[in-house]
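Shown next, in structure tokens, is the structure this report addresses.
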Number of protein chains: 2
Amino acid sequence: MTTILIADDHPLFRAALKQAVMASFTDANIHEADSLSGLEELGHKSLPFDVILLDLHMPGTHGFSGLIYLREQYRKVPLVVISATEDVDVIQRAIHFGADGFIPKSASVETMTEAMKKIMAGERWLPEYARRAMPPTLPDHSAMSERITSLTPQQFRVMGMLMEGMQNKVIAYELDVSEATIKAHMTAIFRKLGVRNRTQAVLALKDLAIEPPSVDSNP
Amino acid sequence: MTTILIADDHPLFRAALKQAVMASFTDANIHEADSLSGLEELGHKSLPFDVILLDLHMPGTHGFSGLIYLREQYRKVPLVVISATEDVDVIQRAIHFGADGFIPKSASVETMTEAMKKIMAGERWLPEYARRAMPPTLPDHSAMSERITSLTPQQFRVMGMLMEGMQNKVIAYELDVSEATIKAHMTAIFRKLGVRNRTQAVLALKDLAIEPPSVDSNP
DNA sequence: TGCCACCTAAGACCAAGGTCTAATACCGAC
DNA sequence: GTCGGTATTAGACCTTGGTCTTAGGTGGCA
């Protein structure tokens, strides 16, 4: 039996993806998550996933940080990034940060099935156009990746809220702990990231953002 | 006589560009600047530029903020962005933020001349490949653009140093003013940007960054 | 069983950030 | 010449951020 994790915040697409997967893997045991925290909750109950399908834009991922972090949590599990974007640069970076494959949401069911089978067999799979544009990069972990993977789960969560511009007091309230605890986490985060305060942390982490296109204003 | 401003931090390229310009505009009166602050210094002495050639990556520009800011300072002056990138998305955003044209550094002298003449005549000029990919966007100022243009010159300078992760005390030292002054500027900046503290300011401004590609680590 | 990593927290303490008021000065515009 | 915007600063005041020390609780693991 195949155990599959679908992590996507779009319920409709999650359902569609589930259908597509079950068409090919009739005996599949499918788990779903609509956020990183939701994912962590069920992660402990049923660890042995055979493949993880991750939406890059899921809440809590904060650019590529979520991918980097998940990659570390599930070192051995094939990890496929699913995304609405078809930007070659984004695909390239997803692979760089440890994804075993990249499937655009526009792909056909057949393509998705083929991709997943290849990836579960240990191969890498990319859309054809991205494969052509892909330089033969070797596995290479940036300094920032290593720093992010060294964060504990709670520290990662706090980091995410920091990246939302939230104040310590607010974060403490949201996580239902004391402000002293948040401060302790912050100090630890700064040390691990090699920065001196939250402003510098934001600057360092923002380089892992996915989005360059901020052309549109509010319409 | 044609008065031209070349704003580029690369001396060699600046010289080359100067040569190219003089070949076509023999009577040109050319001013140079290697940074935004340098540009502002000579801006007051000789305002009536006929065209401004701006390197996107010049020190002090901080992504597209510098373009947005310059565009406001010289409303009527044709503004051409010169850049080493040929990324269509960057070109698109440069135009979106008010540039009248975009010339890649790889362009030939003839192409540059043609482009400048077109732009000084009031037309828009883009590389052919970008023109094809360019959707017919109408002039549209994002909320953030307007906010940045409302900054005073000194506030813009302080904002830039904030984006470097510098502390108030350090900024005060660099600008040779008191920390109280910097704090006053910060308060004004936060108000204008519609944020509550420096962390949120960084987050808001980082969306105007040029650079998505942070794939490489330190080798 | 003991060790270790993690999460939590309090208290003390200091640094940094941020607001407000009030004041002086320069400069360009009308 | 006056008015308004900008730049500057001081001082008082308060909030937020950040470090250090110490310490209790949990859960995994050998």
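Proteins get letters first, then strands, A, B, ... in listed order; numbering begins at 1 in each.
Residues forming a side chain to side chain donor-acceptor pair (under 3.5 Å) with A/T113 (at least two apart in sequence, or on another chain): A/S24. Checked against side chain to side chain contact (heavy atoms under 4.5 Å, CB included), A/V195 has the following partners two or more places apart in sequence or in another chain: A/F190, A/L193, A/Q200, A/A201, A/A204. Legend: residues meeting side chain to side chain donor-acceptor pair (under 3.5 Å) with B/D55, ordered by chain and number and at least two apart, are absent. Partners of A/A184 according to the side chain to side chain contact (heavy atoms under 4.5 Å, CB included) rule, which considers only residues two or more places apart in sequence or in another chain, do not exist here. Qualifying side chain to side chain contact (heavy atoms under 4.5 Å, CB included) partners for B/A28, counting only residues two or more places apart in sequence or in other chains: B/I4, B/V21, B/F25, B/I30. Here A/D100 pairs with A/R71 under the salt bridge (charged side-chain N to carboxylate O under 4.0 Å, His left out) rule; sequence neighbours left out. When the salt bridge (charged side-chain N to carboxylate O under 4.0 Å, His left out) test is applied to B/K192, no partner is found at least two apart in sequence or on another chain. Remark: A/Q154 pairs with A/T152, A/R157, A/L175, A/H185 by the side chain to side chain contact (heavy atoms under 4.5 Å, CB included) rule, at least two apart or across chains.
Think of the region where chain A sits on DNA chain C: with heavy atoms and a 4.0 Å cut, that region ends 5' and 3' at C/dC6 to C/dA10.
Inter-axis angle, ends of the helix from C/dT1-D/dA30 to C/dC30-D/dG1, five pairs per end, rounded to 10 degrees: 40°.
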How would nucleotides 4-20 of chain D be written as a contact map, 5' to 3', with B for base contact, S for sugar-phosphate-only contact and - for no contact, using protein heavy atoms under 4.0 Å?
-> --SSSBB-----SBBBS
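Distance NZ/A/K18 to CG/A/D8: 13.0 Å, rounded to 0.5 Å.
For residues 177-186 of chain B, no pair satisfies salt bridge (charged side-chain N to carboxylate O under 4.0 Å, His left out), with sequence neighbours left out.
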